[in-house]
Amino acid sequence: MQVNVAKIKGLMAEHGDTQDVLAEKLGIVPATLRSYLKGRTVMRVDTVAQIAEIYGIKPLDLLTIEQ
């Protein structure tokens, strides 16, 4: 399984959050979030859980099965 970055970006757009805003909500620097969203760094499980909590969804909703 891997993180569905497109889903996260869609949630950000839906809620009017920029990368800087989401990074602040997560307590990380924006450069780290950008690295996650570009696939350069593997997102931590606790970060996925935090994003799910911020947007009111289940963490599993942010994952996709690799094909």
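Since this is a predicted model, take the numbers as computed values, not measurements.
Of the listed residues (L63, I51, L62), just one forms a side chain to side chain contact (heavy atoms under 4.5 Å, CB included) with K7, and that residue is L62. Tested against M12 for a side chain to side chain contact (heavy atoms under 4.5 Å, CB included), the candidates T18, L37, V21 yield a single pass: L37.
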Cut-off 3.5 Å, no hydrogens considered: what does the side-chain donor-acceptor table look like for residues 38-50, sequence neighbours left out?
unit_1 : atom_1 : unit_2 : atom_2 : d
T41    : OG1    : S35    : OG     : 2.4
R44    : NE     : D46    : OD1    : 2.9
R44    : NH2    : D46    : OD1    : 3.3
R44    : NH2    : D46    : OD2    : 3.1

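Pairs of residues two or more places apart, or lying in two chains, that qualify as side chain to side chain donor-acceptor pair (under 3.5 Å) and include a residue from residues 22-34 are D17-K25. Within the structure, the ring-ring contact (aromatic ring centres under 6.0 Å, His included) test picks out the following pairs touching residues 34-57 (sequence neighbours left out): H15-Y55.
Side-chain contact check for L11 versus I57: some heavy-atom pair is nearer than 4.5 Å.
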Could you give me the CA-CA distance, side-chain angles and deciding distance for I54 and L26, then say whether side chain to side chain contact (heavy atoms under 4.5 Å, CB included) is met?
CA-CA 9 Å; I54 288 167; L26 293 170; 3.7 Å; yes
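Under the 4.5 Å side-chain contact rule for hydrophobic residues, V29 and L22 do not share a cluster.
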